[in-house]
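Every heavy atom of this structure was used, including side-chain atoms; hydrogens, water molecules and symmetry mates were not.
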Amino acid sequence: MVDKTEELNEELPKKEKKKVEKLQEEVEKLKADVEHWKNEYYRAYADTKNLRNNLERDYQEAMRYRSEGFIGELLPVLDSFHMALANEPTDPTLKNYLVGFQFVYRNLVSVLENEGVTEVSPQIGSKFDAKTMNAVDTVEGEEENLVVKVYGNGYKLHDRIVRPAMVQVSVRKVENKEEPKEASEKTDA
C-alpha cells in the first residue's frame, strides 16, 4: 500500500500531495487513538472483573461468618450450661431437671455445629497455643507453656476464633541464687 501511495503522490499536483500527507497523518493519529482506547477498554474490563471477583469473595466470606456476633452473644449461655451440667444433684427432682437441661444443651450445641461452630477445649498438660488460648494466669511448674487449668472453653466459627479458651499456664521455676553480702560488697569495692 505504501508503494501505491508513493506512486499516487508522484502523479498528483503539489496541493493534492499536501492533502494526502495530511490525511495520512490523521489516519496514523486515529490508529494511535484506537489503540489507546482499546487498551483503556481492556484495562477497565480487567478492573471490573477483578472488582466483581473481590466482591463475590467478600460476599461469600460475609455469609460464612454472618452469625459470628450472634454466636458471641450465645457463649455465656453455653458457659452457664457447662456450670449447671458439671454439678451432680442428689435430689431426684433436680436430676429430672438436669435431664431436661442436657437435652436443651445438646440441641443448642447441635444447632451451633450446623453453623460451623466448634469447641476449643484444651487438655490439662497440653502445650499452650496462643492462637486458640488466652493465658489468664500463670503458675510455676517443671515445664514451661503447659496448660495447668482450664477456666473456660473457647469457640471457633469455621476457622476463625470467636472466643479463645481461658487457661492457666505453667512457667519455669526461677531459682533465686543469692550471693552472700560479704562477697558482693568485696566486688563493689
Taking all heavy atoms of [X] and all of [Y], pick out the closest pair and write down the distance.
{"X": "Ala84", "Y": "Leu98", "value": "O-CD1, 3.9 Å"}
{"X": "Pro122", "Y": "Val167", "value": "CG-CG1, 3.7 Å"}
{"X": "Leu94", "Y": "Pro89", "value": "CB-CB, 3.6 Å"}

Please output the side-chain donor-acceptor pairs of residues 25-41 that fall under 3.5 Å, not counting sequence neighbours, one pair per line with the distance.
unit_1	atom_1	unit_2	atom_2	d
Asn39	ND2	Glu35	O	3.4
Glu40	OE2	Arg43	NH1	2.8

Query raised in the report: Are side-chain heavy atoms of Leu75 and Leu78 found at a separation under 4.5 Å?
Result: yes
Going only through I, L, V, M, F, W and Y residues with side-chain contacts under 4.5 Å, is there a path from [X] to [Y]?
{"X": "Met133", "Y": "Val150", "answer": "yes"}
{"X": "Val104", "Y": "Val77", "answer": "yes"}
{"X": "Phe103", "Y": "Leu85", "answer": "no"}
{"X": "Val109", "Y": "Ile71", "answer": "yes"}
{"X": "Leu74", "Y": "Val120", "answer": "no"}

According to the salt bridge (Lys or Arg N to Asp or Glu O under 4.0 Å) rule, which pairs have a member within [range], sequence neighbours left out?
{"range": "residues 91-108", "value": "none"}
{"range": "residues 149-162", "value": "Glu61-Arg160, Glu68-Arg160"}
{"range": "residues 113-128", "value": "Arg66-Glu115"}

Report task. Answer yes or no: are there more than 12 heavy-atom neighbours, outside Tyr97 itself, under 6.0 Å from its atom OH? Result ->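 Atom OH in Tyr97 is not packed in, count stays at 12 or less.
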**Report entry** Residues which pass ring pair (Phe, Tyr, Trp, His ring centres under 6.0 Å) with Tyr65, listed by chain and number, not counting sequence neighbours
**Finding:**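 Per chain and number, Tyr65 pairs via ring pair (Phe, Tyr, Trp, His ring centres under 6.0 Å) with His158.
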Query raised in the report: What residues, two or more places apart in sequence or in another chain, satisfy ring pair (Phe, Tyr, Trp, His ring centres under 6.0 Å) together with Tyr105?
Result: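 Listed in chain order: Phe81, His82.
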I need the [X] [atom1] to [Y] [atom2] distance, nearest 0.5 Å.
{"X": "Arg172", "Y": "Glu142", "atom1": "CZ", "atom2": "CD", "value": "9.0 Å"}
{"X": "Phe128", "Y": "Thr138", "atom1": "CZ", "atom2": "OG1", "value": "11.0 Å"}
{"X": "Tyr42", "Y": "Asp47", "atom1": "OH", "atom2": "CG", "value": "15.0 Å"}
{"X": "Asn53", "Y": "Lys49", "atom1": "CG", "atom2": "NZ", "value": "6.5 Å"}

Output all residues satisfying side-chain hydrogen bond (donor to acceptor under 3.5 Å, both in side chains) with [X], sequence neighbours left out; order by chain, then residue number.
{"X": "Ser170", "answer": "none"}
{"X": "Asp79", "answer": "Arg163"}
{"X": "Asp137", "answer": "Gln168"}

Query - Results of side chain to side chain contact (heavy atoms under 4.5 Å, CB included) for Asn96 - residues two or more places apart only - result: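 Listed in chain order: nothing, the list is empty.
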Query raised in the report: Apart from Met63 itself, which Ile, Leu, Val, Met, Phe, Trp or Tyr residues share its cluster (side-chain heavy atoms under 4.5 Å, direct or through members)?
Result: Tyr59
**Report entry** Side-chain cluster (under 4.5 Å, hydrophobic types only) that Val148 belongs to, other residues
**Finding:**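 When side chains under 4.5 Å apart are linked, the cluster holding Val148 also contains Val139.
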